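Take a look at the structure below.
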Amino acid sequence: MLHVYLRRSPSPTPGMTTSTSTSGIRTNPNVQPMPSSYSASNLSVGTTSGVGQLSPQRPTRLNVPDSTYCLSCLPSGLNFSAAMAAKQQLPPPQPKSEGDRDYIGFATLPEQVHRKSVKRGFDFTLMVVGESGLGKSTLVNSLFLSDLYKDRRIPDALERIEKTTTIEKKTMDIEERGVKLRLTIVDTPGFGDAINCEESWRACCSYIDEQFRQYFTDESGLNRKNIQDNRVHCCLYFVPPYGHGLRQIDLEFMRRMHRKVNIVPVIAKADTLTSTEIKRLKEHIMADIEDHKIQIYQFPDCDSDEDEEFKQQDRELKACVPFAVVGSNTVIEVAGKKVRGRQYPWGVVEVENPKHSDFIKLRTMLISTHMQDLKDVTQDVHYENFRAQCISQISQQAIRERSKLKRDSGPQFDPSITDTDRLLLQKDEEMSDLEDFDHVFDNSGWG
Ligand code: GDP
């Protein structure tokens, strides 16, 4: 079985469309035609921007290299194998003959799930965190071949002194081979920019909690079927290339957030480092993460019955963390091929060249292979933690109100404690034990 990350069309196809379509679709002037060796699949992008709210969408049509996206594997994107199986799009098994009595038909269940999921569409929210100028917007543009941050301006030093972290949310509706994805990018301008960055993590933390709270409220409401999932599924944390590992601000952010969101650390502007420097910086970062008991996103283990080639790919992906990435908004011609890259006097750093950076590995992981797992971990681990805390708080409140009622009602009220009360109290104690444990954990190894 062959597992291929990149799928390129053998026959050259026309590059990215830059003209305005009849439906008033806006073109992207900053993104130049993509390499002709890619097969083009249409991608409609409508962007909305604004702080914490969505505004009417403006669709854009881009032709995107086939290698870039694999949204069509989303319905079963739980792991590599599931993603690959979905890509193969096997037809539903048919009875061998009319006399084949063993065939009942439930083998088409995956197909049914697939069809239903595709119809419903998918959503994914990615948060990007790191100080200004580290290349966050350029990387997002490169990842999703979009131009989400056209009017981007890096604040000067004076502006940064007092800067606080704000939250900026942008949404794109992307469609690839009939699979719709509503992608939300949550940017955090101002993070780490001020002289005193002690509280930089707080805005991100409140935003993530607020989305959990909203989901919890919606889930407990009447219209549970149409809940919009705005929870943050992944947080790309940008580590500057000029350090020697994680700084206090990086550790503080990760320590505060690792139980709320899937953190994927990336080394920004990796083209400014030699391969030896990248290797050393990766080792230092991973050592810091381990020393401080930070739990970044863990890739799921691949099944033991997978073939060796697949296991090798999985190992390579895991060994790549933190991904050393390069982003660019410009397209350069190299040996007759148009590529996204950065031009230097001595040559071109190609964004999508695996020898130059881990960009392709990051994009494959984020979009083609692990998007569903990131969502599952958000739901099953991070949101469950939040939900348990909420329920504990609600039950504490209920107990307090009940005892107040007992006190106020005087001796005629039956003072005996009910089974429900006892159960609530027991659960409450368990929760506070867990919180105590968290507290001990938080204080350990943290100066
Ligand atoms: P943001 O403030 O973190 O969103 O940073 P921007 O994406 O606006 O990038 C800031 C500057 O860094 C721009 O001049 C980019 O061209 C440049 N830049 C972005 N990505 C890279 C990269 O991978 N390598 C290098 N050398 N420069 C980059």
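Note that the structure is a prediction, hence the values are computed from the model and not measured. Keep in mind that the numbers below use all heavy atoms, side chains included, and drop hydrogens, waters and symmetry copies. Atoms within a ligand are numbered from 1 in the order they appear, just like the ligands themselves.
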Phe359, portion touching ligand 1 at heavy-atom distance under 4.0 Å
neither
Decide whether His258 and Asn262 meet the rule of one side-chain donor and one side-chain acceptor closer than 3.5 Å.
no
Taking only heavy atoms of Tyr344 into account, list the atoms of ligand 1 that are under 4.0 Å away from them.
26 (N)
Would you say Val326 and ligand 1 have an N/O pair spaced under 3.5 Å apart?
no
4.5 Å side-chain heavy-atom contact, Pro322 and Val239:
no
Any side-chain heavy-atom pair from Phe299 and Met365 closer than 4.5 angstrom?
yes
Do Tyr215 and Phe386 have side-chain heavy atoms sitting under 4.5 Å apart?
no
What atoms of ligand 1 come within less than 4.0 Å of a heavy atom belonging to Ser132?
2 (O)
Give yes if a backbone or side-chain nitrogen or oxygen of Asp271 is under 3.5 Å from a nitrogen or oxygen of ligand 1, and no if not.
yes
Between Gln248 and Glu252, a side-chain donor and acceptor under 3.5 Å
no
Taking atom types as modelled and ignoring hydrogens, do the side chains of Gln214 and Arg231 form a donor-acceptor contact shorter than 3.5 angstrom?
no
If you measure every N/O of Ala270 against every N/O of ligand 1, is any gap under 3.5 Å?
no
Would Thr138 count as being in polar contact with ligand 1, using the rule that some N or O on each side must be under 3.5 angstrom apart?
yes
